[in-house]
Amino acid sequence: MIKTKFLKYAFVFAITSVGAVFPVSAQKEMPIAAVQGDKNLSPVDGERVAVTGVVTARIRTGFFVQSPDDKTDGNSATSEAIFVFTRTEPDSKAAVGSLVKVAGKVEEFRRNNEPASLTITELAFENLRVVSPANPLPKPVTLTLEDFKPNRVDQLERFEGMRVSIAELFVTSPTDGRVDIKTASAISNGSFYGVLKGIARPFREPGMDIVEAALFDATVKGRLKLDFPKMPIFDGNPERIRIESSFQTGASPLEVSSGMVLRDLTGVLHYSYRTNTLLVDPGYRLSVTTAIKPKPMPATNERQFSVVGMNIENFFDDIDD
């Protein structure tokens with residue numbers, strides 16, 4: 001059932017077309033929730049529309065708009081926000097807090113190199129008009145344990161692009177970055193992973209990844225018309241959340257380690273690297289309730305040495321089991 005549901009959405013590729021830019025007034029006006037719809041894909045995909053909402057976040061390729069709290073449709077299955085893709089730095093008129101009317105073409109975006117990824121419903125920017133500046137931001141939705149169900153890769157679709165908050169996040173992997181060998185230095189990228197406190201730390205379970213299995217079924221089995229033996233399916237750990245702490249304009253990277261519990265994370269919910277991703281609001285100050293204390297190595301004697309680190313990329317045997 002899970003695989004069948006995912007197949008319905010897994011292979012609808014976004015096609016971006018560049019056309020004439022029409023004024024905001026020329027577009028069909030729709031509430032954001034109606035553009036998002038209550039399914040994975042927008043019911044008006046490919047159409048040009050105009051939506052009105054408060055700018056809640058800016059990134060280097062666009063901005064997010066969300067319906068004011070008094071303009072929502074009351075349906076918990078529909079998202080009240082949408083990402084507006086501008087390709088380059090957004091216009092200064094799209095300032096956080098501004099109530100704007102935005103026109104553009106509705107698209108379901110998926111990266112070409114991620115064919116098994118879910119799509120992002122977005123608006124390809126064409127025009128914008130500021131209705132009023134300096135409005136309060138919509139209240140964030142608090143994510144709870146009830147929002148995370150096993151084997152549901154699309155369980156947070158209804159919050160796509162919206163402001164959300166996490167009361168306590170258990171960090172499952174530390175802040176990532178890259179190493180510059182030439183300068184012998186490391187640079188943080190501010191991204192890490194976690195789960196809501198109360199959810200067990202996830203590990204890679206046996207089986208074929210559910211999205212890869214769906215892709216395999218639709219391409220290989222369908223073409224070869226062969227029956228393959230059943231195998232376990234790994235759900236991809238959809239309870240895991242990716243945290244992008246420096247992605248919003250003006251935000252600074254957070255440096256965390258596994259085992260930490262962070263409090264009161266707030267930002268907009270996006271989707272990247274096949275994972276639901278929280279783009280943390282600028283100005284967040286690290287608040288930690290729990291941290292794992294380092295365990296010092298025992299002192300070495302004259303016939304011993306300590307291993308500080310080792311490359312275990314090829315840490316496996318040569319037995320085919």
Side-chain angles (χ1 to χ4, degrees), residues 57-62 87-89 109-118 120 166 169-197 199-205 209 211-212 234 236-263 265-300 304-318:
R58 292 169 56 96
I59 63 176
R60 60 184 179 81
T61 58
R87 192 179 301 274
T88 57
E89 184 73 22
F109 173 75
R110 178 193 285 114
R111 294 186 182 278
N112 292 333
N113 62 350
E114 295 182 355
S117 173
L118 297 176
I120 300 171
I166 300 173
L169 180 93
F170 178 84
V171 178
T172 59
S173 65
T175 303
D176 196 7
R178 63 181 179 85
V179 174
D180 189 329
I181 298 176
K182 291 183 178 180
T183 60
S185 61
I187 301 173
S188 169
N189 64 9
S191 67
F192 55 94
Y193 290 83
V195 293
L196 266 64
K197 186 179 180 181
I199 296 177
R201 184 177 184 179
F203 290 91
R204 179 53 163 98
E205 298 147 10
D209 188 286
V211 290
E212 293 176 357
F234 167 54
N237 290 331
E239 70 274 24
R240 183 187 62 164
I241 296 178
R242 187 168 183 266
I243 307 297
E244 282 279 14
S245 61
S246 58
F247 212 67
Q248 282 201 46
T249 301
S252 301
L254 301 175
E255 312 301 342
V256 302
S257 60
S258 298
M260 281 186 173
V261 176
L262 310 183
R263 290 185 302 189
L265 282 167
T266 301
V268 295
L269 189 69
H270 203 32
Y271 185 83
S272 59
Y273 296 94
R274 286 168 48 177
T275 309
N276 289 299
T277 301
L278 179 69
L279 310 183
V280 181
D281 286 344
Y284 173 76
R285 304 185 69 174
L286 196 62
S287 177
V288 180
T289 59
T290 305
I292 296 177
K293 295 181 179 179
K295 297 180 180 179
M297 294 285 290
T300 58
Q304 294 177 325
F305 63 91
S306 296
V307 177
V308 177
M310 63 182 293
N311 186 340
I312 58 172
E313 181 179 0
N314 297 316
F315 189 61
F316 54 83
D317 57 39
D318 58 357

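Counting begins at 1 with the first residue of the sequence.
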Inter-residue atom distance Arg242.CZ - Asn276.CG, 0.5 Å rounding: 11.5 Å
Least distance between heavy atoms, Val171 atom then Ser173 atom: CG1-O, 3.3 Å
pair Tyr271-Ser117: side-chain heavy atoms closer than 4.5 Å: yes
Partner set under side chain to side chain donor-acceptor pair (under 3.5 Å) for Thr172, not counting sequence neighbours: none
Candidate pair Val195 and Arg201, rule side-chain contact (heavy atoms from CB on, under 4.5 Å), full reasoning: CA-CA 7 Å; Val195 293; Arg201 184 177 184 179; 5.7 Å; no
Ile199 side, atom CD1; Arg240 side, atom CZ - distance, nearest 0.5 Å: 12.5 Å
Any donor-acceptor N/O pair, Gln248 side chain to Leu279 backbone, under 3.5 Å: yes
Minimum heavy-atom distance Ser245-Pro253, with the two atoms named: OG-CA, 3.4 Å
Partner residues of Asp209 under the side chain to side chain donor-acceptor pair (under 3.5 Å) criterion, sequence neighbours left out: Arg274
Shortest non-hydrogen separation from Phe203 to Phe234 and the atoms involved: O-CE1, 4.0 Å
Note, Ile243 side chain near Leu262 side chain (heavy atom, < 4.5 Å): no
Interatomic distance, Met260 atom CE to Phe170 atom CZ [nearest 0.5 angstrom]: 11.5 Å
Pair Glu205-Asn237, side-chain contact (heavy atoms from CB on, under 4.5 Å): steps then yes or no: CA-CA 9 Å; Glu205 298 147 10; Asn237 290 331; 3.4 Å; yes
Distance-minimising heavy-atom pair for Asp176 and Asn189: O-OD1, 2.9 Å
Derivation of the side-chain contact (heavy atoms from CB on, under 4.5 Å) call for Thr275 and Tyr193: CA-CA 10 Å; Thr275 309; Tyr193 290 83; 4.2 Å; yes
Polar side chain donor-acceptor pair, Arg263 to Ser287, under 3.5 angstrom: yes
Gap separating the CG atom of Leu118 from the CZ atom of Phe109, nearest 0.5 angstrom: 13.5 Å
4.5 Å side-chain heavy-atom contact, Tyr284 and Leu265: yes
Donor-acceptor under 3.5 Å (Ser188 side chain, Gly190 main chain): yes
CD-CZ distance between Glu89 and Arg58, expressed to the nearest 0.5 angstrom: 5.5 Å
Spatial distance of atom CG (Leu269) from atom OG1 (Thr277) [nearest 0.5 Å]: 7.5 Å
Donor-acceptor contact below 3.5 Å, side chain Thr175 vs main chain Leu254: yes
